[in-house]
J.: 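Attaching a single structure in structure tokens format; questions to follow.
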Amino acid sequence: MVKHSLNITGVGYHTKRDTHTCRGSGYCTYTVFQLVGEFGDVHSPALCVLATCMIQGFCKDLNRSAVIFLLKNTKYNFRLVMSHVGVDKKGNDLNLMLMVTSCAIGGTLQYGYNLAIMNAPTIFIQNFVNETFRERWDVQLKNYQVTLVWTCIVSIYSLGGLAGALIAGPMSITFGRKKTMLLNNIFLMLSSLLALTSRAAKSFEMIIISRVLVGINAGISMNVQPMYFGESAPKHLRGAASLSSAIFTAFGVVLGQVVGLREILGSEPCWQYLLASNAIPGLIQLLTLPWFPESPRYLLIDRGDKEACINALRRLRGCEVQRSELDEILQEQAEAKGLRPSRPWELFADRNVRWQVISIITLSSAMQLCGNDSIYFYAYYVFKESGISPDMIQYITICTGTCEFTACIICNLLIERQGRKILLMGGYVLMTVWAIVFTIALCFEHKVEWMPYLSMACIFTYILSFGMGPAGVTGVLPTEIFSQTARPAAYMIAGSMMWINLFIMGMIFPFLVSELGEFCFVPFAAVCFLSALYVGLVLPETKGKTLSAIANEFHKLNYRGQDKQGLPAPQAQYQLGEVCHSTAL
């Protein structure tokens, strides 16, 4: 072959009323080189027309030798009008990464952050509640009464999260994914204001209302953010982008633990500032997220705005839109044509999504019932038994949050290589093993000298196993196994189950400890084992598959044992640009 690059400068294409110039590089040059390079140096406008036509799919049925003959013997003027769909070029994922960071800082980071910051000011807020009662009604609360009020302050966060999960679906449909995340900061800012002024107002009720509002904020973020990421990312990055929600949740835990140190905001004079500090990530999101586009799938399927969808894809990919990706979205639009967004109760009655609904209910519940949050309860006790001084335990506790954060990053790197099913099942299997070992260590901690160190190791390995599987993969599934019209309702169901079970665990875990003692982790081991069994036997792998292919996998489960055949999915239609010549060839 002749080693040269062909000059295709001068070919004009029409996009959005602007005339640009196509400069010979990349895939276009490579394709032409393979076709005609061996026949010598071809330098003609007709070559450019043909190259563009072949990339766009016009010349699929032309004979190769006839094509070359045309190129060597044609000298006609031409006019080229191309569609918006570009060639398959490698884009730049920087814009997508920045969008994910901007959204998650004010999104799922808040969930982990607002869980972690409540540990440091426990004693200070309890004293504040006692002093408030004494000043108002001259009543000295007993210890169990103070504990009851404190439990209400902590647990009300879960009920706020449940409310947020229930309104997240309608908000994401009405306002879109991005605008919902921005409007969600209203709840956050009101919460921060109430928390900041509660001490001056001498009102613990303001703290309770503040926790309800920040719970609503977290509930909306936990549902809408993974949906936004999953719909905006390309197929090969869909899992990694959605998993970033779990990474920022774990980072929020670590950040909350650090900010809650006595040397920063975890002291008695500063606890109100600690509770109000969650406004800073929200402010960062308000300043940065408006610069990024809305979800392309939402723009095309829900709003029917094809031009805005293409523009959003171009901005997120950093290059021209790939035809295969747009065809996939168009196919989903064709399947959803004439359908309104589903409601949660309609999904329960729809046999077409029966096993999808069962899967998200099972896995969202297991994520809270597996005992990962409860392991933090034992952390202080185990570290103390291991000989660590009480003053140093607050620093060692940061290592537990860092451990989960590191595991989520590793999971993000592995999810597109190993797949969702292996990580999810493997995480639950390892958690089952470590729960059993932890139970044995608790039983023999006073009989064997080194058992407290084994207990401490179990805490870190349990958290690592959770972070590398269930923590990240669970939030990805509703995006991948539900269609656009059913996705908001699916996230409402998944989010509701997560918050309900979080509330239940907060209420029953003290009784599990008092009744079962060192065997309190046996129920958690059973939950992890059953979850691993369900994933292994029921849940199909979704890595690298289109949404239509995943739907076909679940179709086999939903109609197992029946002869019913699924109707072929409507084919997406896309009209390519036309090539017009001033003289007919």
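Computed from heavy atoms alone, side chains included, the values below leave out hydrogens, waters and symmetry copies.
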J.: Would you say I220 and Q225 make side-chain contact, with heavy atoms under 4.5 Å?
T.: no
J.: Could you please spell out the steps behind the side chain to side chain contact (heavy atoms under 4.5 Å, CB included) verdict for R211 and N114?
T.: CA-CA 9 Å; R211 294 293 291 175; N114 287 290; 4.1 Å; yes
J.: Would you please test L423 and C411 for side chain to side chain contact (heavy atoms under 4.5 Å, CB included) and show each step?
T.: CA-CA 8 Å; L423 292 177; C411 183; 3.7 Å; yes
J.: Can a donor-acceptor pair be found, under 3.5 Å and without considering hydrogens, that links the side chain of S210 to the backbone of S191?
T.: yes
J.: Heavy-atom count check: over 12 atoms from other residues, nucleotides or ligands less than 6.0 Å from I280 CD1?
T.: no
J.: For residues Y428 and F529, determine if any side-chain heavy atom of one lies less than 4.5 Å from a side-chain heavy atom of the other.
T.: no
J.: Would a 4.5 Å heavy-atom cut-off, applied to side chains only, mark M189 and L193 as touching?
T.: no
J.: Are L286 and L182 close enough, and set up right, to give a side chain to side chain contact (heavy atoms under 4.5 Å, CB included), and what steps lead you there?
T.: CA-CA 6 Å; L286 284 173; L182 293 172; 4.2 Å; yes
J.: Nearest 0.5 angstrom please: M181 CE to N217 CG, how far?
T.: 7.5 Å
J.: Between N119 and Q257, is any side-chain donor less than 3.5 angstrom from a side-chain acceptor?
T.: no
J.: Let me have the donor-acceptor pairs involving side chains of residues 457-464, under 3.5 Å, with sequence neighbours excluded, atom names and distances please.
T.:
| from | atom 1 | to | atom 2 | distance (Å) |
| --- | --- | --- | --- | --- |
| T461 | OG1 | A457 | O | 3.0 |
| T461 | OG1 | C458 | O | 3.1 |
| Y462 | OH | C370 | O | 2.3 |

J.: Tell me yes or no: between the side chains of Y113 and S277, is some donor less than 3.5 Å from an acceptor?
T.: yes
J.: Are T132 and S203 close enough, and set up right, to give a side chain to side chain contact (heavy atoms under 4.5 Å, CB included), and what steps lead you there?
T.: CA-CA 7 Å; T132 302; S203 172; over 6 Å; no
J.: So, does E480 use its side chain to make a donor-acceptor pair with the main chain of L477 at under 3.5 Å?
T.: no
J.: Pairing donors with acceptors under 3.5 angstrom, does anything connect the side chains of Q484 and R297?
T.: no
J.: Verify, without hydrogens or angle tests, whether Q368 (side chain) and S365 (backbone) share a donor-acceptor contact under 3.5 angstrom.
T.: no
J.: Test your reading of the model: is there a side-chain donor-acceptor pair from E518 to the backbone of L442, 3.5 Å cut-off?
T.: no
J.: Within a strict 4.5 Å, meaning less than it, do heavy atoms of the P470 and M431 side chains meet?
T.: yes
J.: Would W137 and F133 satisfy ring pair (Phe, Tyr, Trp, His ring centres under 6.0 Å), going step by step from the backbone distance to the final call?
T.: CA-CA 6 Å; W137 300 291; F133 268 88; 5.1 Å; yes
J.: Please check if the side chain of E404 supplies one atom and the backbone of F466 the other of a donor-acceptor pair under 3.5 Å.
T.: no
J.: Could you tell me whether the side chain of I500 reaches within less than 4.5 Å of the side chain of F503, counting heavy atoms only?
T.: no
J.: Could you check whether atom CH2 of W499 has more than 12 heavy atoms from other residues, nucleotides or ligands sitting under 6.0 Å from it?
T.: yes
J.: Where do K202 and E131 land on the salt bridge (charged side-chain N to carboxylate O under 4.0 Å, His left out) test, with the steps shown first?
T.: CA-CA 9 Å; K202 298 182 179 180; E131 292 171 3; over 6 Å; no
J.: Name the orientation class of the two ring planes belonging to F521 and F524 (parallel below 30°, tilted from 30 to 60°, perpendicular beyond 60°).
T.: perpendicular
J.: Hey, does M99 have a side-chain heavy atom less than 4.5 Å from the side chain of L316?
T.: yes
J.: Counting only heavy atoms not in E515, do more than 12 fall under 6.0 Å of its CD?
T.: no
J.: Atom CD1 in I284, atom CD1 in I105: separation rounded to 0.5 Å?
T.: 5.5 Å
J.: Testing T108, N184, T180 one by one against S221 for a side-chain hydrogen bond (donor to acceptor under 3.5 Å, both in side chains), which residue passes?
T.: N184
J.: Y157 versus V214: any side-chain heavy-atom pair under 4.5 Å?
T.: yes
J.: S359 side chain to W355 main-chain N or O, any donor-acceptor pair under 3.5 Å?
T.: yes
J.: Report the distance from atom CG of N223 to atom CE of M227, rounding to the nearest 0.5 Å.
T.: 6.5 Å
J.: Taking the six-membered ring for Trp and the single ring otherwise, decide whether the centroids of W450 and F444 are under 6.0 Å apart.
T.: no
J.: Under 3.5 Å, is there a donor-acceptor pair between the side chain of T479 and the main chain of G230?
T.: no
